[in-house]
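To keep things clear, I will list the structure first and then write my remarks on it.
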Amino acid sequence: MPETSPPVSMDFIRTIIAEDLKNNKNEGRVVTRFPPEPNGYLHIGHAKSICLNFGIALEHEGGTCHLRFDDTNPTKEETEYVESIMSDVRWLGFDWGEHLYYASDYFDQLYEYSVQLIKKDKAYVCDLNADEIREYRGTLTTPGKESPFRTRSVAENLDLFQRMRAGEFENGSRVLRAKIDMASPNLNMRDPVLYRILHMPHHRTGNKWCIYPMYDFTHCLSDSIEGITHSLCTLEFEDHRPLYDWVLDELDVDCHPQQIEFARLNLSYTVMSKRKLLELVAGGYVTGWDDPRMPTLSGLRRRGYTTEAIRDFCDRIGIAKRDSTVDLALLEYCIREDLNKRAPRVMAVLRPLRVVIDNYPEDRSEELDAVNNPEDSSMGTRKIPFSRVLYIEQDDFMEDPPKKFYRLAPGREVRLRYAYFIKCMDVVKDKETGQVIELHCTYDPDTRGGDAPDGRKVKATLHWVSADHAVEAEVRLYDHLFKTPDPDAGKEGMDFKTHLNPKSLEIISSAKLEPGLQGATPGSRYQFERLGYFCVDLKDSTKNRLVFNRTATLRDTWVKIAKSQG
RNA sequence: UGGGGGAUAGUAUAGUGGCAAUACGACGGGUUCUGGCCCCGUUAUCCAAGGUUCGAAUCCUUGUCCCCCAGCCA
């Protein structure tokens with residue numbers, strides 16, 4: 001039976017592109033681009049853009065998506081970022097083929113274009129300093145004033161600009177400006193700066209240049225040079241579109257891409273601005289760009305997220321123009337759904353409570369069969385050892401259980417998963433603290449494997465690990481980095497860092513794992529039954545010292561019940 | 001008091017003149033050797049007010065609210 005693909009409702013951008021294709025607007029070509037500035041690490045918001053741009057290219061016969069580094073500001077950009085960005089895009093599963101570009105590769109062409117503009121008397125060298133330019137720009141409600149240098153002759157502009165390039169002038173002493181309209185209601189059109197002097201080596205062009213083009217001049221021309229058909233960007237560039245179009249119109253290039261803006265991604269309990277993420281890294285609030293609590297792709301990867309989950313998430317959130325904040329719960333849903341299907345189940349006890357099975361022989365141990373993944377029988381089964389002394393989760397025992405607590409309690413019988421029914425006979429407490437430190441139970445040999453021949457039922461099934469066979473590991477329990485849904489929302493002057501969740505990381509230094517986990521490979525993912533999804537840390541886990549990161553908890557109905565009971 | 005955008009359930013996204021749809025969340029129930037997964041049910045008259053129309057989320061009018069713009073950042 002051939003599967004019919006579900007009706008995909010098109011977002012407004014895909015609708016525009018389909019319309020353009022129908023009208024043969026770009027001779028049937030679809031060329032998009034993902035244009036990051038290499039000044040930081042990619043985050044889940046970039047993934048939205050990457051999935052959009054590469055996704056659209058993939059949906060069309062012959063469609064391509066370019067990866068272009070928008071590297072026009074050497075004061076902020078570094079090769080380290082270039083590399084991380086490339087590996088993140090690749091990790092997401094996208095391929096730019098031979099279409100890897102750098103805006104800095106166009107510096108010569110861009111220079112020629114600006115000379116053209118000067119020759120058309122559409123650009124001039126301005127000697128006003130930054131403060132003066134701001135002053136002359138006017139305000140939102142009042143028009144700007146024309147610069148006294150606006151009327152310089154073409155010849156003088158050409159000479160001055162050439163000397164700017166030659167390095168005759170200091171940083172900030174002169175700029176090249178477009179000659180548009182100082183009274184425009186759109187501030188971007190009030191003679192925007194096209195080039196500034198920056199005596200600073202560039203990560204790719206070295207010391208070749210001491211003048212660097214601005215975004216507005218570079219971006220549209222880079223798009224044009226590459227033959228981009230649809231230039232997709234975020235909402236804040238909407239005001240720049242008239243300038244994007246002005247530059248391309250004045251220069252009469254043969255390719256004039258269409259800029260289309262969409263809303264950037266916001267996620268609850270998360271900050272997304274590069275500035276804020278950098279602040280978290282620089283201030284030591286997290287361990288780095290790839291801290292598993294960070295919304296960066298490297299952080300999510302280390303946390304255990306899969307590319308499939310992230311791409312599914314990007315498909316689900318859609319594309320629109322209104323500002324919105326997606327619920328973090330949706331991202332968590334996506335990773336759970338993916339991992340539910342593929343992660344092998346294992347048993348691990350995070351906070352061990354010792355259980356002695358009094359009627360189980362001292363020196364005996366046996367191997368029991370356990371299913372690796374109930375969602376996928378092809379993943380097979382494994383053996384797990386059982387013996388007289390076990391660990392169960394501290395949370396799975398209560399001396400004085402409230403209503404609806406189905407787990408172990410004095411006199412109560414529960415099932416140990418894939419093993420036996422056990423009954424709690426005695427509770428040993430620390431004399432000083434009163435804390436429960438050990439349980440004495442009996443087991444029913446007839447329930448081997450987990451089923452009672454007499455058909456009696458048990459309300460709970462607990463995970464467990466044999467004490468003698470257990471492997472120890474460090475387990476890092478991650479939670480939301482911020483305790484409020486909108487950490488950005490603070491009043492004026494309020495620091496977003498005050499919303500940091502002090503409990504975003506809890507380290508369990510010696511969890512007990514079933515022995516099969518010995519030597520687990522970094523990056524591999526498991527479901528710890530009844531607890532959540534965990535992955536072996538890519539950086540800190542070693543052969544002798546396993547380190548697991550919690551990717552996500554399982555949905556937990558019991559905590560809800562417990563909470564509602566107070 | 002300028003310009004550019006945007007308002008559909010708790011959240012996100014469809015619907016663009018004909019029964020407001022889907023997903024997540026929440027709540028209730030079923031099932032269960034994971035209190036997981038899975039299954040079932042509940043959860044909005046579409047920013048407001050007028051108007052056009054047999055019929056409006058959709059078209060018109062007038063408002064209201066929210067976001068972005070005064071970098072030699074992108």
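The sequence lines fix the lettering, A, B, ..., with proteins before strands; numbering per chain opens at 1.
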Checklist outcome for this item: B/S/- along nucleotides 22-27 of chain B (protein heavy atoms under 4.0 Å) is -SS-SS

Item to check | Atom pair distance, as rounded to whole Å: CG in L42(A) and C1' in A74(B) | outcome: 14 Å

Item to check | N/O donor-acceptor pair under 3.5 Å between R407(A) side chain and M398(A) backbone | outcome: no

Checklist entry - What nucleic acid atoms does V175(A) come within less than 4.0 Å of, heavy atoms only: base, sugar-phosphate, or nothing? => result base

Checklist entry - What about R322(A): does its side chain form a donor-acceptor pair under 3.5 Å with the base of U13(B)? => result no

Checklist entry - With a 4.0 Å cut-off on heavy atoms, is T139(A) in touch with a base, just the backbone sugar-phosphate, or nothing at all? => result base

Checklist entry - To the nearest Å, how far apart are N266(A) CG and G10(B) C1'? => result 17 Å

Checklist entry - Which nucleotide, C68(B), G36(B), A70(B), lies nearest any side-chain atom of L554(A)? => result G36(B)

Next on the checklist: Let me spell it out: for each of G450(A) and D323(A), pick the nucleotide of RNA chain B with the closest heavy atom. Which residue's pick is nearer the 5' end?
Outcome noted: G450(A)

Next on the checklist: Test your reading of the model: is there a side-chain donor-acceptor pair from R530(A) to the backbone of L462(A), 3.5 Å cut-off?
Outcome noted: no

Item to check | Pairwise C1' distance for U31(B) and G41(B), with rounding to whole Å | outcome: 15 Å

Item to check | Of the listed nucleotides G2(B), A74(B), G6(B), the one nearest the side chain of T72(A) | outcome: A74(B)

Checklist entry - For E78(A) and H203(A), does a side-chain donor sit closer than 3.5 Å to a side-chain acceptor? => result no

Checklist entry - With a 6.0 Å cut-off on ring centres, are Y81(A) and Y41(A) close enough? => result yes

Checklist entry - When you compare C69(B) with A26(B), how far apart are their C1' atoms, in angstrom units rounded to a whole number? => result 39 Å

Checklist entry - Where the side chain of P185(A) is concerned, which of U34(B), G35(B), G3(B) is the nearest nucleotide? => result G3(B)

Checklist entry - With a 4.0 Å cut-off on heavy atoms, is P35(A) in touch with a base, just the backbone sugar-phosphate, or nothing at all? => result nothing

Item to check | Rounded C1' spacing from U32(B) to C40(B) in Å | outcome: 15 Å

Checklist entry - Looking across every strand, which nucleic acid part, if any, lies under 4.0 Å from Y195(A) by heavy atom: base, sugar-phosphate, or nothing? => result nothing

Checklist entry - NA contact type, E529(A), heavy-atom cut-off 4.0 Å: base, sugar-phosphate, or nothing? => result base

Item to check | Distance, rounded to the nearest Å, where Q565(A) contributes CD and G35(B) contributes P | outcome: 16 Å

Item to check | A74(B) pyrimidine/purine six-ring stacking with Y215(A), under 5.5 Å and 30° | outcome: no

Next on the checklist: Rounded to whole Å, please give me the gap between CG in D396(A) and P in G35(B).
Outcome noted: 8 Å

Checklist entry - Base, sugar-phosphate, or nothing: which does L462(A) touch, judged by heavy atoms less than 4.0 Å apart? => result nothing

Checklist entry - When you measure from the side chain of R345(A), which nucleotide among A14(B), U34(B), C69(B) comes out closest? => result U34(B)

Next on the checklist: Under 4.0 Å, heavy atoms only, any strand: does D239(A) hit a base, just the sugar-phosphate, or nothing?
Outcome noted: base

Checklist entry - Rounding to the closest angstrom, what is the interatomic distance between A56(B) and U42(B) at atom P? => result 26 Å

Next on the checklist: At 4.0 Å (heavy atoms only), tell me whether D70(A) reaches a base, stays on the sugar-phosphate, or touches nothing.
Outcome noted: sugar-phosphate

Item to check | Interatomic distance at C1', G50(B) relative to G10(B), whole Å | outcome: 31 Å

Checklist entry - When all nucleic acid strands are considered with a 4.0 Å heavy-atom cut-off, which category describes D451(A): base, sugar-phosphate, or nothing? => result base

Next on the checklist: Would you call the rings of Y195(A) and Y111(A) parallel, tilted or perpendicular, taking 30° and 60° as the class edges?
Outcome noted: perpendicular

Next on the checklist: Under 4.0 Å, counting only non-hydrogen atoms across every strand here, what does H219(A) touch: a base, just sugar-phosphate, or nothing?
Outcome noted: nothing

Next on the checklist: Side-chain N or O of T218(A) versus OP1/OP2 of A74(B): is the shortest distance under 4.0 Å?
Outcome noted: no

Next on the checklist: Distance check, P atoms only: G30(B) and U45(B), in whole angstrom units.
Outcome noted: 30 Å

Next on the checklist: What I want to check is whether the side chains of Y333(A) and D327(A) have a donor and an acceptor closer together than 3.5 Å.
Outcome noted: no

Checklist entry - Looking only at side-chain N and O atoms, does R134(A) come under 4.0 Å of OP1 or OP2 in C69(B)? => result no

Next on the checklist: Keeping D127(A) on the side-chain end and F149(A) on the backbone end, is there a donor-acceptor pair under 3.5 Å?
Outcome noted: no

Checklist entry - For L140(A), which contact category applies under a 4.0 Å heavy-atom criterion: base, sugar-phosphate, or nothing? => result base

Checklist entry - Cut-off 3.5 Å, side chains only: do Q527(A) and E529(A) have a donor facing an acceptor? => result no

Next on the checklist: Classify the ring geometry of H43(A) against H46(A): parallel below 30°, tilted from 30° to 60°, perpendicular beyond 60°.
Outcome noted: tilted

Item to check | R137(A) side-chain N/O to C72(B) phosphate OP1/OP2 under 4.0 Å | outcome: yes

Checklist entry - When you check the side-chain N and O atoms of R525(A) and T551(A), is any donor under 3.5 Å from an acceptor? => result no

Checklist entry - Which is true for Y212(A) with a 4.0 Å heavy-atom rule: it touches a base, it touches only sugar-phosphate, or it touches nothing? => result nothing

Checklist entry - Could you give the CD1-to-P distance, from I561(A) to G35(B), as a whole number of Å? => result 11 Å

Checklist entry - Contact class for N129(A) (heavy atom, under 4.0 Å): base, sugar-phosphate, or nothing? => result base

Checklist entry - Which whole number of Å gives the distance between the P atom of A23(B) and that of A44(B)? => result 16 Å

Checklist entry - Contact class for R174(A) vs. all strands (heavy atom < 4.0 Å): base, sugar-phosphate, or nothing? => result nothing

Checklist outcome for this item: Relative to its sugar, using the 90° cut-off around 0, the base of G71(B) is syn

Next on the checklist: Here's a test of your reading of the structure: between N373(A) and D216(A), which maps to the more 5' nucleotide of RNA chain B?
Outcome noted: N373(A)

Checklist entry - Mind pulling the stems RNA chain B is in, i.e. runs of at least three Watson-Crick or G-U pairs, everything under 3.5 Å? => result B:2-7 with B:64-69, B:10-13 with B:21-24, B:25-30 with B:38-43, B:47-51 with B:59-63

Checklist entry - Between Y215(A) and N73(A), do the side chains contain an N or O donor and an N or O acceptor separated by less than 3.5 Å? => result no

Next on the checklist: Rounding to an integer number of angstrom, what distance separates A20(B) and G28(B) when you compare their C1' atoms?
Outcome noted: 24 Å

Next on the checklist: Does R530(A) contact G35(B) through a side-chain donor or acceptor facing the base, at a distance under 3.5 Å?
Outcome noted: no

Next on the checklist: For the residue pair R204(A) and Y102(A), would you count it as a cation-pi contact if the rule is NZ or CZ under 6.0 angstrom from the ring centre and within 45 degrees of the ring axis?
Outcome noted: yes

Item to check | Residues E37(A), K76(A): salt bridge by 4.0 Å N-O rule | outcome: no

